[in-house]
2 protein chains.
Amino acid sequence: MKIDKNLIGGSTILILLALLDEKDMYGYQIIKEIEKRSDEAFQFREGSLYPVLHKLQNNGYVKSYMATGDTGKSRKYYQITKKGRKQLKEEQEQWNLFSLSINKVLGGSANAFS
Amino acid sequence: MKIDKNLIGGSTILILLALLDEKDMYGYQIIKEIEKRSDEAFQFREGSLYPVLHKLQNNGYVKSYMATGDTGKSRKYYQITKKGRKQLKEEQEQWNLFSLSINKVLGGSANAFS
DNA sequence: AAAATATACTTAGATGTTCTATGTATAAAT
DNA sequence: ATTTATACATAGAACATCTAAGTATATTTT
């Protein structure tokens, strides 16, 4: 099953910063990695992802550099910054609280998660 | 802490249908109930909630009726429909998968949820 | 009694975000 | 040689939410 786009929307930045906190990655690689890890539940298109990466860079959460890897292709790698790591921590706390709160609100419902 | 609006956005319909699956409620009551259950983490404004209720009604997920309760004030109660309950089930499955997938993606990160 | 606050619903328009669609270009596979 | 996968980019469309304002009644405070 594919997940409704506007569920994912709010957590895009969390996902991106979490991945880049592991290692530097380039855009296309991020798309493939997210697909793989989520068993295809999350699917980003380039037109959706790249503008977000640019926004992250404008906000100072990541910086980028060009590099040519083992292949001949030139790639734009993104690297998380100190400010980005701080933001990541904030986003993780937000996610934990959000997830908890949803369960609280649905908790009153007798057959939630039935 | 208050939760970032665009995290909540994607799950608004899930929350509303889950509440209305418990009992009929009117708009203002829904706002207060969500605040209470989430310990103020979720805060909807009227201008955000009412249009969503109207959309739910247009989609046939809820129907509404006017009623004057114990007070003299006239209120518009919303009631979930059969179609709405079907949608609720779908939204719950989506939420479960979404929540799981986020954890999968973040799972690779050494200090996720640290 | 008057004023202020809480309750209750509504909508127009601004804002913001994502998606579609399209373009460019190279490397690998058929 | 042609197709597919890789790789980045952006304009404009489409969509959703929020702000702000308006209306009206009931309750509480002064």
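Treat the numbers as computed from the prediction; the structure is a model and nothing was measured.
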Under the ring-ring contact (aromatic ring centres under 6.0 Å, His included) rule, what pairs show up with a residue in residues 4-24 of chain A, not counting sequence neighbours?
-> none
Counterpart residues, side chain to side chain contact (heavy atoms under 4.5 Å, CB included), relative to B:Ser38 (two or more places apart) | A:Ser101, A:Val105, B:Ala41, B:Phe42
Whole-Å gap separating P (D:dC18) and CG (B:Leu7) = 12 Å
Please list, for nucleotides 24-30 of chain C, all pairs of protein and nucleotide N/O atoms separated by less than 3.5 Å.
unit_1 : atom_1 : unit_2  : atom_2 : d
C:dT26 : O2     : A:Lys73 : NZ     : 3.1

What is the distance from CZ of B:Phe42 to C1' of D:dT17, rounded to the nearest Å?
-> 16 Å
Criterion side chain to side chain contact (heavy atoms under 4.5 Å, CB included) on B:Tyr65 and B:Asp24, from CA distance to verdict = CA-CA 10 Å; B:Tyr65 57 92; B:Asp24 295 2; 2.6 Å; yes
Would you check if A:Lys55 and A:Ile13 make a side-chain contact, meaning some heavy-atom pair closer than 4.5 Å?
-> yes
Taking OH from A:Tyr77 and C1' from D:dC8, how many angstroms apart are they, rounded to a whole number?
-> 14 Å
Out of D:dT10, C:dT10, D:dC8, whichever nucleotide has its closest atom nearest the side chain of A:His54 = D:dT10
A:Leu106 and B:Leu14, any side-chain heavy atoms less than 4.5 Å apart | yes
B:Thr12 side chain to B:Gly9 main-chain N or O, any donor-acceptor pair under 3.5 Å?
-> yes
Could you state the atom-to-atom distance from CD1 of A:Ile13 to C1' of C:dT17 in whole Å?
-> 11 Å
Less than 4.5 Å apart, any side-chain heavy atom of B:Val62 and any of B:Leu53?
-> no
Considering only side-chain heavy atoms of B:Lys55, which listed nucleotide, D:dC8, C:dC9, D:dA16, is closest?
-> D:dA16
Roughly, in whole Å, what's the span from NZ in B:Lys76 to P in D:dT25?
-> 17 Å
Starting at atom NZ of B:Lys5, determine the distance to atom P of C:dT15, rounded to an integer number of angstrom.
-> 16 Å
Grab the CG-C1' distance between B:Asn6 and D:dC15 for me, whole Å please.
-> 14 Å
If only atom types and distance count, is the side chain of B:Ser64 paired as donor or acceptor with the main-chain N or O of B:Tyr77 below 3.5 Å?
-> no
Have a look at the helix from C:dA1-D:dT30 to C:dT30-D:dA1 and give the angle its two end axes make, five pairs each, rounded to 10 degrees.
-> 20°
Can you find a pair of side-chain heavy atoms, one from A:Gln87 and one from A:Leu56, that are under 4.5 Å apart?
-> no
Residues in residues 44-53 of chain A with a heavy atom under 4.0 Å of DNA chain D, by number, are A:Glu46, A:Gly47, A:Tyr50, A:Pro51
Hey, does B:Ile8 have a side-chain heavy atom less than 4.5 Å from the side chain of B:Phe44?
-> yes
Spacing of A:Arg75 atom CZ relative to D:dA9 atom P, expressed in whole Å = 14 Å
Residues forming a ring-ring contact (aromatic ring centres under 6.0 Å, His included) with A:Tyr28, sequence neighbours excluded = none
